[in-house]
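Following: one structure in structure tokens, then a few remarks.
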Amino acid sequence: MEEQTSFVDALRAKYCDDDAENGGCESFVQITVFGGNSRRRPRGDSAGEDGGRVSGGDGGDESVPELDYLKSVVLYNSRISHAAIPSVGLSSLCPNVHDLDLSGNLLGSWNEVMTILKHLPRLKFVNLSSNPLGNCEIARNEDIPCPIEDLVLNDTKVTWSEVAALSRLMPKLKQLHLCKNDYNAIDLSDEVVADTLRHLRLLALNNNHIKRWDEVAKLKSLPQLHTLVLLENPLEDVYYKQTHPEAPPESSDKQAEAHGSEDAQACFHGNKANEEKNQSAEESDDAACCEQQAASKDKDNVVDSNLQHVVDDKQDSQPSQNDDCQPLVGMNVEGRVVEDAVEGSPGYVSLERAGGNAKEESGDLESARSRPSEDSEKCNKTGTTEPTDIQSSGSKEQESADPAFPALESLCVTGTSLSDWKHLQELRHFPSLHSIKIKKIPLLESWDEADRRKVAVACLPSIKLLNGSEITPEEREKSERHFVRVFVDHEQPPARLEELVQKYGKLKPLYQVDISRGYKEFMELRFIYGGRCIHQGQIRMVESVKQLKKFCSDLIDTSPRMVKLYHMTQDPDTNEPVMDELFLDSLPMSRFDLKDGDEILIDLKKGQNFKGPEPLWEPGIKLAP
């Protein structure tokens with residue numbers, strides 16, 4: 001059986017200088033340091049907030065704690081199984097500890113852990129990783145005076161109920177690490193999460209078994225959650241709102257627009273009947289309203305097309321209450337918006353009460369789009385139409401007022417199983433997200449490292465930091481252009497492509513240049529003058545064009561200033577032979593893509609005298625521009 005020890009014994013064994021440890025040594029050297037912080041301070045020094053003098057355990061004499069200087073305690077893998085705190089506590093031993101690392105020990109009871117924590121009133125960081133603390137009961141009446149802000153419970157197999165209980169005992173908890181605990185779900189309700197983890201700023205869930213974003217979404221109401229780490233989880237999807245996990249955001253708007261037009265149409269035909277009936281006969285009017293709708297179906301379609309441009313689907317606020325002296329804005333039978341309309345006239349539809357100085361028609365239209373019509377509200381009260389769409393508008397208002405993950409700025413999904421472009425698209429909707437780590441996912445594994453970053457940058461327009469590196473405006477533009485070139489001819493391109501095509505147009509893919517041939521120091525070239533080969537040999541490619549002209553002038557016995565050189569090549573588009581002039585004397589010949597067996601044509605500048613024979617050849621080949 002493995003030997004076990006207590007927390008106090010392990011602490012003394014590592015940090016205390018007991019004379020008993022040196023009792024068997026004949027040669028012992030004692031070193032005293034003056035004017036600095038030694039491992040043990042002299043008994044007369046003052047320390048701590050109250051002068052550092054605390055009463056001893058036996059005689060009551062004032063003395064400095066033995067480990068008063070100690071701020072950080074690391075007892076990793078020390079076989080600690082229990083606390084064994086003395087009756088006088090730890091105030092005479094180490095009262096100023098801020099950081100405590102007890103990872104890799106044998107603590108199997110929360111009672112022992114709480115005993116240690118209660119006697120360290122200044123503790124802020126605690127690491128309990130790799131202690132067998134799973135499925136252990138936590139007393140709810142425990143009182144932990146220390147302001148713990150950072151708690152590490154990696155590889156402890158603690159349950160979520162234990163996490164919630166600990167969070168209640170540590171109300172100042174800001175950082176929580178729950179890695180390697182075999183979680184496949186967050187087994188807490190939304191209410192418990194919001195109640196117990198409301199001050200949490202960082203949550204690390206590395207190396208667990210969470211597959212669905214539905215579980216992660218239980219954290220969406222945490223108002224201060226700044227960083228969420230999901231490294232090495234088999235996460236298969238990401239979405240911002242549960243209302244559209246599988247569709248782009250525009251789809252829900254179009255559906256709402258269609259439903260909104262149906263509500264407006266129903267209200268249009270039921271308005272007059274509802275005004276003529278009193279409240280006691282409202283239920284009987286429903287059937288009459290439906291018959292009226294069926295009788296005037298053709299007329300409804302005409303009016304509905306006009307209403308669709310005026311009544312917006314996002315009518316979620318209440319109409320103005322001060323409507324006694326305000327002009328009415330309505331719609332006549334022809335579908336036109338008019339001011340000073342007579343309420344109750346044939347075909348009248350009330351859009352809003354015009355307010356303030358909004359006299360222009362454009363201002364009235366914009367106001368009508370932002371608020372529901374008075375008759376739409378009446379129509380819902382009488383039950384003429386189903387109120388589901390207006391309730392949906394209210395829910396949208398609630399969602400906008402309480403956004404999911406409102407403070408989330410950093411997200412790590414490295415090593416997850418994301419494999420669809422729509423999941424990257426969803427990351428755009430998180431309101432505060434600007435930093436993301438997204439390496440080693442199936443979606444990007446087929447790309448090389450450079451292209452992988454480019455397509456990720458192009459898909460995430462709101463992200464400022466990708467994998468820890470800042471995204472500059474220049475990099476974003478290059479990445480977006482690259483994205484268009486890659487996917488412009490793709491059969492099923494990502495939805496982001498349409499936005500970028502509108503921004504940059506349909507860019508053509510870049511030509512693929514084969515550079516696998518590699519660099520050669522020497523090339524076998526043929527020199528042509530007067531229609532015949534006058535020399536063939538190895539030429540060093542690092543030599544400049546000026547040196548090549550000097551070599552060619554010696555071949556034809558003339559001055560280098562009179563020589564013009566051309567490299568025979570082919571047009572890449574038409575495959576026609578062209579000549580590329582070697583015009584810049586300072587350039588090396590390696591810049592002109594010379595190959596073994598290529599020809600260098602020698603020509604003379606017009607009007608120049610030379611010593612050699614007249615050339616028998618005149619260029620009959622098109623010159624490269």
Flag, side chain of D237 to backbone of R212, donor-acceptor distance under 3.5 Å: no
Just jot down the ring pair (Phe, Tyr, Trp, His ring centres under 6.0 Å) partners of H567, sequence neighbours excluded, or say none. none
If you round to the nearest 0.5 Å, how far is OH of Y529 from CG of L601? 12.5 Å
Here the salt bridge (Lys or Arg N to Asp or Glu O under 4.0 Å) pairs for residues 438-461, sequence neighbours left out, are R453-E475
Partner of D585 under side-chain hydrogen bond (donor to acceptor under 3.5 Å, both in side chains), chosen from K549, Q547, K546: K549
Value rounded to 0.5 Å, distance of CG in L205 from SG in C179: 7.0 Å
Taking all non-hydrogen atoms of both residues, which atom of K506 and which atom of V501 are closest, and how far apart? CG-CG1, 3.8 Å
Are side-chain heavy atoms of L465 and I471 found at a separation under 4.5 Å? no
Are more than 12 heavy atoms from other residues, nucleotides or ligands located less than 6.0 Å from atom CD of E498? no
For K157 and K180, indicate whether the former's side chain and the latter's backbone hold a donor-acceptor pair under 3.5 Å. yes
So, the side chain of D580 versus the backbone of F592: is there a donor-acceptor pair under 3.5 Å, distance only? no
K503: which residues meet the salt bridge (Lys or Arg N to Asp or Glu O under 4.0 Å) condition with it, sequence neighbours left out? E480
Looking only at heavy atoms, which two atoms of L418 and H423 are closest? And how far apart? CD2-ND1, 4.1 Å
How many angstroms lie between atom CG of L548 and atom CE of M589, to the nearest 0.5 angstrom? 5.0 Å
How many angstroms lie between atom CD1 of I438 and atom CG of L460, to the nearest 0.5 angstrom? 6.0 Å
Can you name the residues that form a salt bridge (Lys or Arg N to Asp or Glu O under 4.0 Å) with D190, not counting sequence neighbours? none
N/O donor-acceptor pairs under 3.5 Å from side chains in residues 99-106, not counting sequence neighbours:
| from | atom 1 | to | atom 2 | distance (Å) |
| --- | --- | --- | --- | --- |
| D101 | OD1 | S103 | N | 3.0 |
| D101 | OD1 | S103 | OG | 2.7 |
| D101 | OD1 | N127 | ND2 | 3.4 |
| N105 | OD1 | S78 | N | 2.8 |
| N105 | OD1 | R79 | N | 3.0 |
| N105 | OD1 | I80 | N | 3.0 |
| N105 | ND2 | L75 | O | 2.9 |
| N105 | ND2 | L102 | O | 2.8 |
| N105 | ND2 | S103 | O | 3.3 |

Give the C-alpha distance, both sets of side-chain angles, the deciding distance and a yes or no for side chain to side chain contact (heavy atoms under 4.5 Å, CB included) between I556 and L604. CA-CA 10 Å; I556 60 174; L604 298 177; 3.7 Å; yes
Sequence neighbours excluded, which residues qualify as salt bridge (Lys or Arg N to Asp or Glu O under 4.0 Å) partners of K211? none
Under 6.0 Å from the NZ atom of K124, do we count more than 12 heavy atoms belonging to anything else shown? no
If you define the side chain from C-beta out and look only at heavy atoms, does anything of P588 sit under 4.5 Å from V542? no
Under 3.5 Å, is there a donor-acceptor pair between the side chain of D596 and the main chain of E524? yes
Sub-4.5 Å side-chain heavy-atom contact between L200 and L219: no
Taking every non-hydrogen atom, the tightest pair across L197 and L222: O-CD2, 3.4 Å
Validation row: V193, W160 side chains within 4.5 angstrom (heavy atoms): no
Partners meeting salt bridge (Lys or Arg N to Asp or Glu O under 4.0 Å) with R540 (sequence neighbours left out): E521
Looking at F522, I'd like to know if its CZ atom is crowded, meaning that more than 12 non-hydrogen atoms belonging to other residues, nucleotides or ligands lie closer than 6.0 Å. yes
Identify the two heavy atoms, one from L230 and one from L235, that lie closest to each other, and give their separation to 0.1 Å. CD1-CD2, 4.0 Å
How would you list all residue pairs meeting side-chain hydrogen bond (donor to acceptor under 3.5 Å, both in side chains) that involve residues 222-232, not counting sequence neighbours? H226-E409
With a 4.5 Å heavy-atom cut-off, do Y183 and V163 have their side chains touching? yes
According to side chain to side chain contact (heavy atoms under 4.5 Å, CB included), who are the partners of P406, at least two apart in sequence or on a separate chain? P403
Salt bridge check: are R526 and E599 linked by an N-O gap of less than 4.0 Å? yes
If every non-hydrogen atom of S553 is compared with every non-hydrogen atom of S559, which pair is closest and at what distance? CB-C, 3.8 Å
Say you draw a straight line from CG of L582 to CG of L565; how long is it, rounded to the nearest 0.5 Å? 5.5 Å
Criterion side chain to side chain contact (heavy atoms under 4.5 Å, CB included) on L408 and S432, from CA distance to verdict: CA-CA 6 Å; L408 185 62; S432 302; 5.8 Å; no
Could you pull out all residues at least two apart from F551 that satisfy ring pair (Phe, Tyr, Trp, His ring centres under 6.0 Å)? F527, H535
Around K174, counting heavy atoms of other residues, nucleotides and ligands shown, do more than 12 lie under 6.0 Å from its NZ? no
For the backbone of S129 and the side chain of N154, can you confirm whether one donor and one acceptor N or O come within less than 3.5 Å of each other? no
Which word best sums up how the rings of F430 and Y240 line up, parallel for under 30°, tilted for 30 to 60°, or perpendicular for over 60°? perpendicular
Using a 4.5 Å cut-off on heavy atoms from C-beta on, say whether the side chain of T416 contacts that of V238. no
Just by distance, do the side chain of K14 and the backbone of V73 share a donor-acceptor pair under 3.5 Å? no
Taking all atoms of both residues into account, what is the closest heavy-atom pair of V216 and I186, and its distance? CA-CD1, 4.3 Å
Between R496 and Q425, is a side chain to side chain contact (heavy atoms under 4.5 Å, CB included) present by the stated rule, with each step listed? CA-CA 7 Å; R496 175 68 172 156; Q425 289 286 107; 3.3 Å; yes
Which atom pairs, one a donor and one an acceptor, fall under 3.5 Å between side chains of residues 483-491 and the rest of the protein, sequence neighbours left out?
| from | atom 1 | to | atom 2 | distance (Å) |
| --- | --- | --- | --- | --- |
| R485 | NE | K508 | O | 3.2 |
| H490 | ND1 | Q492 | N | 3.2 |
| H490 | ND1 | Q492 | O | 3.4 |

Does the pair E470 and K464 meet the rule for a side chain to side chain contact (heavy atoms under 4.5 Å, CB included), with working shown? CA-CA 6 Å; E470 182 181 2; K464 299 178 181 178; 5.9 Å; no
Under 3.5 Å, side chain of D420 to main-chain N/O of K422, donor-acceptor pair present? yes
Are L466 and I436 close enough that some pair of their side-chain heavy atoms sits under 4.5 Å apart? yes
Does S479 reach the side chain of R476, with side-chain heavy atoms less than 4.5 Å apart? no
What pairs with A185 under side chain to side chain contact (heavy atoms under 4.5 Å, CB included), at least two apart in sequence or on another chain? D187, E215
Closer than 3.5 angstrom, by distance alone: can the side chain of N208 be matched with the main-chain N or O of N206 as a donor-acceptor pair? yes
